[in-house]
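Start at 1 with the first residue, then count along the sequence.
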Amino acid sequence: MTDTSSTRPAEGEARATRQSLPHRLMRFVPLIAPVLLWAVPCWVLLHSGQHWPLPVTLTGTVLFALGLIGMPLATVRGHGRRQQDRAAIVGDTLLGIAWVLFTWSVLLGVLLRLALTVGGVGASQDRARIVTWAVLGVTAVLLVWGYAEARRVPRVRRLDVRLPRLGAGLDGLRVALITDTHYGPLDRARWSARVCETVNTLEADLVCHTGDIADGTAERRRAQAAPLGTVRATHARVYVTGNHEYYSEAQGWVDLMDELGWEPLRNRHLLLERGGDTLVVAGVDDVTAESSGLAGHRAHLAGALDGADPGLPVLLLAHQPTFVDRAAAAGIDLQLSGHTHGGQIWPFHHLVRLDQPALAGLSHHGTRTLLYTSRGTGFWGPPFRIFAPSEITLLVLRSPQESTSP
């Protein structure tokens, strides 16, 4: 019989070492990522066989070095304790530029150079310079287009959603969804007013905001959020918190939305009645609420449904799509979420999918539950949207029963 008492502690220590290594490496990501974002394009565009004149090489290298140094410094000043909006704009913009440059330096740089080499186009220096101009051209076009996409009023996306348990009296119920407005360092008060005007043209019965109203406190972003008070709905305007509220005094946002006439659905529900039928409209705090340490804030689905008739259909507001597992287990009919931004800047959506079960649009979960994930109404951080357009959503709920509703 072997005595393993002396080996178990060693095995435990080894296991702890193996488990802690990834965590240790993650600590270096904020340091490594900016270096890669700026160093890779610098190498691809300037130092991989182009043989530019020395002044061009030096000037380009200095610009990349300034970006590498300036981006994290501006980000810290803008989003750290000082909360300087101008610095945040600079840091966010540089982050967007770096991401697009990095992406297309890698993708277009490698593929185009390979194609030119296989096709026997020019000498090595000529091919390298063609790659540089192509990457710079594509990046410039995408950034200009992406900026315009981020700053415009979102287009309205309309779709019918059939809910098997929805009564005929509720057939045709119009639900407008906005989310992730992210009022922030760039003053978008006029944009906010135009978004609200667009929502009002939809003549919705229910208007929902599924969180991430802003980056900053309610007091600081009040002017940008104020137009939300002009939104009209036949029955109700409802709101749930997103994760960004918990970076910026969430209770202040709950209070402001209440002041603007919205119903904060903090783990509770209301009943929407029409034509003799009833829909339960429930909402939960964001899944990060409990870890925020803010008293009374947590995602509590049982509390949200407490007292509701289990035979009635349920529309649930939850900021993050990842909550759908709990919603499906509870037999929720439809969950509305945001959070993903559809990736916002391609190909960031691949990283989003590692964290969330859905990126955008309507998806099925479990035996009954539908999830609609909005790409968001605004943008976070970098003022660009590339291959991930923003949206205002109009969901028309449909009953399987015959109805004369429009």
Side-chain angles (χ1 to χ4, degrees), residues 33-34 36-38 40-42 44-45 60 63-64 67 70-71 74-75 78 86 88-113 115 129-158 178-195 197-198 212 215 224 338-353 359-361 373-393:
L36 290 177
L37 287 177
W38 291 100
V40 170
C42 182
V44 171
L45 303 182
L63 288 175
F64 277 106
M71 185 181 76
T75 300
R86 290 184 180 178
I89 292 170
V90 171
D92 293 343
T93 302
L94 287 174
L95 175 59
I97 292 171
W99 175 257
V100 177
L101 260 180
F102 172 83
T103 297
W104 293 96
S105 293
V106 173
L107 295 180
L108 185 58
V110 171
L111 294 177
L112 181 57
R113 181 168 293 198
R129 292 190 176 188
I130 289 172
V131 166
T132 295
W133 289 118
V135 170
L136 289 176
V138 168
T139 297
V141 168
L142 288 176
L143 288 174
V144 170
W145 173 61
Y147 181 79
E149 279 287 296
R151 296 303 301 269
R152 68 169 173 80
V153 174
R155 301 176 186 91
V156 176
R157 185 179 185 188
R158 296 174 169 85
I178 58 175
T179 185
D180 299 275
T181 42
H182 283 286
Y183 303 125
L186 279 170
D187 187 358
R188 286 179 287 155
R190 291 180 60 188
W191 174 87
S192 178
R194 292 171 63 198
V195 166
E197 290 169 4
T198 301
D212 278 9
D215 295 296
Q224 296 183 57
H339 186 67
T340 70
H341 298 206
Q344 187 165 320
I345 302 178
W346 188 91
F348 196 77
H349 66 285
H350 290 300
L351 297 179
V352 175
R353 286 305 301 266
L359 185 71
T373 306
S374 168
R375 289 188 297 257
T377 310
F379 62 86
W380 171 84
F384 307 104
R385 272 189 172 268
I386 297 175
F387 304 132
S390 56
E391 67 178 81
I392 296 169
T393 317

Inset, instruction - Apply the test side chain to side chain contact (heavy atoms under 4.5 Å, CB included) to residues Trp346 and Leu142: give CA-CA distance (whole Å), side-chain angles for both, the deciding distance (0.1 Å), then the verdict. - result: CA-CA 10 Å; Trp346 188 91; Leu142 288 176; over 6 Å; no

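- Between the OG1 atom in Thr93 and the OH atom in Tyr147 there is a gap of 8.0 Å [rounded to 0.5 Å].
- Formation of a donor-acceptor pair under 3.5 Å by the Arg188 side chain with backbone atoms of Thr181 is found in this model.
- Of the possible donor and acceptor atoms, one in the side chain of Arg385 sits under 3.5 Å from a partner among the backbone N and O of Ala388.
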Can you give each donor-acceptor pair under 3.5 Å made by side-chain atoms of residues 374-381, sequence neighbours left out, with the distance rounded to 0.1 Å?
unit_1, atom_1, unit_2, atom_2, d
Ser374, OG, Gly376, N, 2.9
Arg375, NE, Pro389, O, 2.6
Thr377, OG1, Thr179, N, 3.1
Thr377, OG1, Thr179, O, 3.2
Thr377, OG1, Glu391, O, 3.2

Inset, instruction - Could you please spell out the steps behind the ring pair (Phe, Tyr, Trp, His ring centres under 6.0 Å) verdict for Phe387 and Trp145? - result: CA-CA 10 Å; Phe387 304 132; Trp145 173 61; 5.3 Å; yes

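- Under a 3.5 Å cut-off, the side chain of Thr132 and the backbone N or O of Leu45 do form a donor-acceptor pair.
- Two residues are said to be in side-chain contact when any heavy atoms from C-beta on lie closer than 4.5 Å; Trp191 and Leu186 fail this criterion.
- The shortest side-chain heavy-atom distance between Thr393 and Val156 does not fall under the 4.5 Å cut-off.
- For the atom pair CG of Leu143 and CD1 of Ile345, the computed distance is 8.0 Å after rounding to the nearest 0.5 Å.
- Atoms CG and OG1, on Asp180 and Thr340 in that order, are 7.5 Å from each other to the nearest 0.5 Å.
- Within the 3.5 Å criterion, the main-chain N or O of Val44 finds no donor-acceptor partner in the side chain of Ser105.
- Residues Leu101 and Leu37 form no side-chain contact, since every pair of their non-hydrogen atoms from C-beta on lies 4.5 Å or further apart.
- The shortest side-chain heavy-atom distance between Leu108 and Thr139 does not fall under the 4.5 Å cut-off.
- Using a 4.5 Å cut-off on side-chain heavy atoms (C-beta onward), Phe102 and Val106 make contact.
- At a threshold of 4.5 Å between non-hydrogen side-chain atoms, the residues Phe384 and Val100 do not count as touching.
- The OG atom of Ser192 lies 8.0 Å from the CD1 atom of Ile178; values are rounded to the nearest 0.5 Å.
- Closest of all the heavy-atom pairs between Trp38 and Leu94 is CZ2-O, 3.7 Å.
- Residue pairs satisfying the salt bridge (charged side-chain N to carboxylate O under 4.0 Å, His left out) criterion with at least one member in residues 136-151, sequence neighbours excluded, are listed as follows: Glu149-Arg152, Glu149-Arg155.
- Under 3.5 Å, the side chains of His182 and His341 contain a donor-acceptor pair of N or O atoms.
- Within 6.0 Å of the CZ atom in Arg194, the count of heavy atoms belonging to other residues, nucleotides or ligands does not exceed 12.
- Contact detail for Val90 and Ala74: the closest heavy-atom pair is CG1-CB, 4.0 Å.
- Residues passing the ring-ring contact (aromatic ring centres under 6.0 Å, His included) test with Trp99 are Phe348, sequence neighbours excluded.
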